[in-house]
Engineer: 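Structure below; questions to follow.
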Amino acid sequence: MTQQPTTKTFQSYEEFWPFYLSQHSKASTRAWHFVGTTCVILCVLASFLFQWWTFLLAPVIAYGLAWFSHFFIEGNKPATFGHPVWSLRADFRMYGYTLTGKLGRELSKHGLSTK
């Protein structure tokens, strides 16, 4: 278990980033986050194209999937509880690295496993 306090003090987002990655040590946790973030993007697009209220589903779906993965797969508390803005930013960064195939290299750079 990678349990670390979510209230840890960080001086910058760049200092927070490795901590965020460490809280997503399991590939299945990262996969659930990827699905949740994809749903956010789809909900936002749907709100423009179809019904405005679909925008309201975005945080419910995303946080639901992400928190499920933290509580039942990763076994830790979501970093968003202690650092909501940086966590949101880090989630989209992790999403981008996943899309571009660079997440493995980023995990290795910070001494973390890709499994």
Engineer: According to a hydrophobic-cluster definition based on side-chain heavy atoms being under 4.5 Å apart (Ile, Leu, Val, Met, Phe, Trp, Tyr only), do W67 and L56 belong together?
Structural biologist: yes
Engineer: Nearest 0.5 Å, please: how far is CZ in R89 from CZ in F16?
Structural biologist: 10.5 Å
Engineer: Do F71 and I73 sit in the same hydrophobic cluster, where Ile, Leu, Val, Met, Phe, Trp and Tyr count as joined when their side-chain heavy atoms come under 4.5 Å apart?
Structural biologist: yes
Engineer: Does any part of the side chain of L21, heavy atoms only, come nearer than 4.5 Å to the side chain of L107, both counted from C-beta?
Structural biologist: yes
Engineer: Please report the interatomic distance NE2(H70) to OH(Y63), rounded to the nearest 0.5 Å.
Structural biologist: 10.5 Å
Engineer: What is the distance from atom CH2 of W32 to atom CZ of F68, rounded to the nearest 0.5 Å?
Structural biologist: 5.5 Å
Engineer: I need the minimum non-hydrogen distance between W17 and M94, along with the two atoms involved.
Structural biologist: CH2-N, 3.8 Å
Engineer: Taking the six-membered ring for Trp, are Y13 and W86 parallel (under 30°), tilted (30 to 60°) or perpendicular (over 60°)?
Structural biologist: perpendicular
Engineer: Say you draw a straight line from CZ of R30 to NE2 of H24; how long is it, rounded to the nearest 0.5 Å?
Structural biologist: 9.5 Å
Engineer: Let me check something: do W52 and L57 share a hydrophobic cluster, defined by ILVMFWY side-chain heavy atoms less than 4.5 Å apart, either directly or through other members?
Structural biologist: yes
Engineer: Are V60 and F81 connected in the hydrophobic side-chain network, where two residues link if heavy atoms are under 4.5 Å apart?
Structural biologist: no
Engineer: Under the side chain to side chain donor-acceptor pair (under 3.5 Å) test, which residues partner T98, sequence neighbours left out?
Structural biologist: none
Engineer: Nearest 0.5 Å please: distance from the OG atom of S108 over to the CD atom of E106.
Structural biologist: 9.5 Å
Engineer: Specify the closest pair of heavy atoms between S22 and E74, including all atoms of both residues, with the distance to one decimal.
Structural biologist: O-OE2, 4.4 Å
Engineer: So, the side chain of S87 versus the backbone of P84: is there a donor-acceptor pair under 3.5 Å, distance only?
Structural biologist: no
Engineer: Which atom names give the shortest non-hydrogen contact between S69 and T29, and what distance separates them?
Structural biologist: OG-CG2, 3.5 Å
Engineer: Just verifying a value: how many Å separate F55 CZ and F48 CZ, rounded to the nearest 0.5 Å?
Structural biologist: 7.5 Å
Engineer: Under 3.5 Å, which donor-acceptor pairs do the side chains of residues 37-45 form with other protein atoms, sequence neighbours left out?
Structural biologist:
residue : atom : partner : partner atom : Å
T37     : OG1  : H33     : O            : 3.0
T37     : OG1  : D91     : OD2          : 2.4
T38     : OG1  : F34     : O            : 2.9
T38     : OG1  : Y95     : OH           : 2.9

Engineer: Is there side-chain contact between I61 and V35, with at least one heavy-atom pair below 4.5 Å?
Structural biologist: no
